[in-house]
Structures are given as structure tokens and as C-alpha cells.
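Notes to accompany the following structure.
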Amino acid sequence: MWQRIRDPLRESAFAQSSLVALFSSYLGLIRVTTRPVPGSVEEVGEYAKIEPLILALWHGQHIAAPIAYPGGRQLVALFSR
């Protein structure tokens, strides 16, 4: 059954928009409920003062980079296996 509905679901604009909205809401929830580690920069606006900026995230948490990274700056990512 999944194979029959998978392709039409993947091509559906409604399904894509719903997933994007759900994922965006989830990231917003993470942003609101996550507290900074003591000794880290406490406000995102303070990142703009630091040059160059190195942002470290825990393994598997790279998906949260848009929450922590300030916009308008060049981003280079480094991943390990």
C-alpha cells in the first residue's frame, strides 16, 4: 500500500507544504525551549560581533543549525563520519 501512495504523496504540493510547516514549527519549538550552555554566547545578536565565528553542534544536531546561526553571513560546514 505504501508503494502505491508514496509517489503521489511525494509530488503533492499540499503534502510538501505541510511537511515544511511541521518541520519549521518543530525547529521553532527547539529554539524556544533550548537554553544556552553556561559560557556560550547567550543572545543570537551577539554572534554578529564575533569574527570569524565557529559554531559547534552535537552529533546529529546539524539540522538545528538554522536556529543557532545568524543570517547574512557566509557559512561553511564541516562534517565527519
Side-chain angles (χ1 to χ4, degrees):
M1 181 174 149
W2 172 247
Q3 290 178 346
R4 268 195 342 243
I5 63 171
R6 177 179 54 191
D7 290 335
L9 196 59
R10 180 178 31 208
E11 295 171 7
S12 166
F14 175 76
Q16 291 175 8
S17 297
S18 297
L19 283 174
V20 168
L22 182 66
F23 187 69
S24 177
S25 298
Y26 175 69
L27 288 178
L29 178 66
I30 291 173
R31 181 178 208 147
V32 171
T33 59
T34 302
R35 286 185 260 159
V37 175
S40 67
V41 176
E42 303 238 349
E43 293 184 26
V44 175
E46 293 182 36
Y47 289 151
K49 301 174 190 169
I50 301 170
E51 191 67 38
L53 173 66
I54 298 175
L55 180 65
L57 299 170
W58 196 253
H59 294 282
Q61 301 303 316
H62 60 279
I63 199 73
I67 295 170
Y69 194 76
R73 296 180 67 176
Q74 182 179 5
L75 174 65
V76 178
L78 172 66
F79 293 92
S80 65
R81 291 174 99 174

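Every residue two or more places apart in sequence or in another chain that forms a side-chain contact (heavy atoms from CB on, under 4.5 Å) with R6 is listed here: W2, Q3.
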Identify each donor-acceptor pair in which a side-chain atom of residues 14-22 lies under 3.5 Å from a protein atom, sequence neighbours left out, and give them as a table.
from : atom 1 : to  : atom 2 : distance (Å)
Q16  : NE2    : R10 : O      : 2.7
S17  : OG     : A13 : O      : 3.0
S18  : OG     : F14 : O      : 2.8

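The backbone N or O of L29 lies less than 3.5 Å from a partner atom in the side chain of T33, making a donor-acceptor pair.
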